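Index from 1, following the sequence. All of these numbers come straight from a predicted model, not from anything done at the bench.
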Amino acid sequence: MNRNIFLLALSQAAMMTTISLVLSSSALVGAQLSSPDLATLPLAVQYLGTMVMLYPVARLMERFGRRFIFCGGALVGAVGLACAAFGVRIGSFALFATAGFLIGTFGAVGQYYRFAAVDSVAPERKSLAISWTLTGGLLAAVAGPMLARWTKDALEPAFYASFLSLTGVALLGAMFATGLSLPPMKRVEEKLARRSWSEIGCNPKLVMAILGSVVGYAVMNLLMTATPLAMMCSRLGFAQTAQVIQWHVLAMFAPSFFTGALIQKIGTMPVMLLGCLLNLGSIAVSQTGIALVHFEAALILLGVGWNFLYVGATALLIENCRKEEAGRVQALNDTLVFLGVTAATLFSGTMVNALGWQTVNLYAVLPILLVMAGLVRLMNWPRFSWLRAG
């Protein structure tokens, strides 16, 4: 692993530590400061911030360089986390929710770590670079929930110290970014920049890559965001919720040690299809009960499924994207991803309260089946020729 990949993995760890602790606590803080129906609004604002800032961040990186923007994004996140802590301290739901936009900006910057890693290695090692960068999430899987448990009641009110500690984590992310030495982004040539989106979208594999990313992330986030509320309704404590989220985040990133090698061996689309099957397995487990073991097993399967689908979709995107158009296409991809994530997060609290945990899981089946049908159609499997023929 070269120096850039190592530092990008650490930056990923800092960003995901922030996200995992916020995931564990934000809905609970929101419920305390407002009502259960609005509990996931601060988290939705965070994802909205990520979605809105993705394209501006891409343009800023082209102009000022990745290292400067990676560092600046982490500092903006630190400010947002400090504001969230103050919102918890004074009991202001509005301030807590608004701070989510700044935290989301940190998340937007973090989405480009994996793309920066790709430009730091030889072409044949691109899928490995993506995987190794995402392994930083393993540290986050341990640090985030652990910080949540240690700091939840360290200061009054609950979670005030948690968000203060995350301010320091974001500052660490800024420090890691200062050590990067990344090649400049390739500027788009004027004549090539005029290719329309309809021309770019004529590649069905590129469309499939974007669809896989959007569905994989939105479904995962819908179920992950709903989990703390569902566990609270099942009379399970916060320590158990943090434990489930910890196992989930571990499952999201632990496969990254071998996902890249698996892609090299069997291909991107088969790995994506395997991710879809694991997501369906997660939904099947959720239908069997609402005890702690059911939440743990379902979220572990969901995490591994997300990894295969998301890493595979990212690799497929890079394989089918012109280098001079990479910035535009990557920004579009992640903007659509977080549009789906924002919508899923915004409605997850209401859906759990109105429909119940198990029904929410069932609603996630349809988009997963849609992705599976698209993958099978694009793969050259003779036994499925009837599906490709329509």
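- A distance of 10.0 Å separates CG of Leu292 from OG of Ser234, quoted to the nearest 0.5 Å.
- Sequence neighbours left out, not one pair with a member in residues 261-278 passes salt bridge (charged side-chain N to carboxylate O under 4.0 Å, His left out).
- Residues Gln240 and Val244 fail the side-chain proximity criterion, which asks for heavy atoms closer than 4.5 Å.
- Heavy atoms from other residues, nucleotides or ligands lying under 6.0 Å from CZ of Phe93 number more than 12.
- Without hydrogens or angle criteria, Thr50 side chain to Gly104 main chain gives a donor-acceptor distance under 3.5 Å.
- Of the possible donor and acceptor atoms, none in the side chain of Thr98 sits under 3.5 Å from a partner among the backbone N and O of Leu95.
- A 4.5 Å side-chain heavy-atom check between Val22 and Leu166 finds at least one atom pair inside the cut-off.
- The environment of OH in Tyr363 is sparse: at most 12 heavy-atom neighbours from other residues, nucleotides or ligands sit within 6.0 Å.
- For the atom pair CZ of Arg3 and CG of Leu8, the computed distance is 11.0 Å after rounding to the nearest 0.5 Å.
- If you look at Phe70 and Tyr113, their ring centroids are closer than 6.0 Å.
- Side-chain contact between Met379 and Leu273 is present, with heavy atoms from C-beta onward closer than 4.5 Å.
- In this structure, Val109 and Met15 have side chains that are not in contact, with every pair of non-hydrogen atoms separated by 4.5 Å or more.
- You'll find the side chain of Gln287 reaches within 4.5 Å of the side chain of Asn361, heavy atoms only.
- Between Cys71 and Ala177, the shortest heavy-atom distance links the atoms N-CB, 3.7 Å.
- Thr259 is linked by a side chain to side chain donor-acceptor pair (under 3.5 Å) to Asn307, counting only residues two or more places apart in sequence or in another chain.
- Side-chain polar atoms of Gln330 and Gln111 form no donor-acceptor pair below 3.5 angstrom.
- For the atom pair CG (Leu211) and CG (Leu375), the distance works out to 8.0 Å, reported to the nearest 0.5 Å.
- Taking all atoms of both residues into account, the shortest heavy-atom contact from Ile103 to Ala84 is CD1-CB, 4.4 Å.
- Both Leu222 and Met372 belong to a common hydrophobic cluster when Ile, Leu, Val, Met, Phe, Trp and Tyr are linked at side-chain heavy-atom distances under 4.5 angstrom.
- The aromatic rings of Phe96 and Phe163 stand perpendicular to each other, their planes meeting at an angle above 60°, with 30° marking the opposite boundary.
- Note that the CH2 atom of Trp306 and the SG atom of Cys276 stand 14.0 Å from one another [nearest 0.5 Å].
- Summarising the geometry of Trp357 relative to Leu223, their closest heavy-atom pair is CZ3-O, 3.4 Å, with the distance given to 0.1 Å.
- Using a 4.5 Å cut-off between side-chain heavy atoms of Ile, Leu, Val, Met, Phe, Trp and Tyr, with links allowed through other members, Tyr55 and Ile210 fall into different hydrophobic clusters.
- Under the 4.5 Å side-chain heavy-atom criterion for ILVMFWY residues, no single connected hydrophobic cluster contains both Leu139 and Phe106.
- With hydrogens and angles disregarded, a donor-acceptor distance shorter than 3.5 Å links the side chain of Thr241 to the backbone of Gly237.
- Taking every heavy atom of both residues into account, Ser213 and Ala313 meet most closely at OG-CB, 3.2 Å.
- With values rounded to the nearest 0.5 angstrom, Leu316 atom CG is found 8.0 Å from Leu378 atom CG.
- Using a 4.5 Å cut-off on side-chain heavy atoms (C-beta onward), Leu155 and Leu164 make contact.
- Aromatic ring pairs are classed by plane angle as parallel below 30°, tilted from 30° to 60° and perpendicular above 60°; the pair Tyr112 and Phe115 is tilted.
- Listed for the Thr105 side chain is a donor-acceptor partner under 3.5 Å among the backbone atoms of Phe101.
- Residues Arg114 and Thr314 have side chains in contact (heavy-atom distance under 4.5 Å, counting atoms from C-beta outward).
- Without hydrogens or angle criteria, Asp334 side chain to Val337 main chain gives no donor-acceptor distance under 3.5 Å.
- Formation of a donor-acceptor pair under 3.5 Å by the Thr288 side chain with backbone atoms of Ala284 is not found in this model.
- Considering only heavy atoms from C-beta on, Arg377 stays 4.5 Å or farther from Met208 through its side chain.
- Nearest heavy-atom pair, Phe308 versus Gly275, reported as atom, atom and distance to 0.1 Å: CB-CA, 3.7 Å.
- Note that CG of Leu10 is 8.5 Å distant from CE of Met175, once rounded to the nearest 0.5 Å.
- No donor-acceptor pair closer than 3.5 Å links the side chain of Asn4 to the backbone N or O of Ala117.
- Hydrophobic clustering keeps Val79 apart from Val88 (ILVMFWY residues linked when any side-chain heavy atoms are closer than 4.5 Å, directly or through intermediates).
- Contact between Thr225 and Asn221 at its shortest, heavy atoms only, is OG1-O, 2.7 Å.
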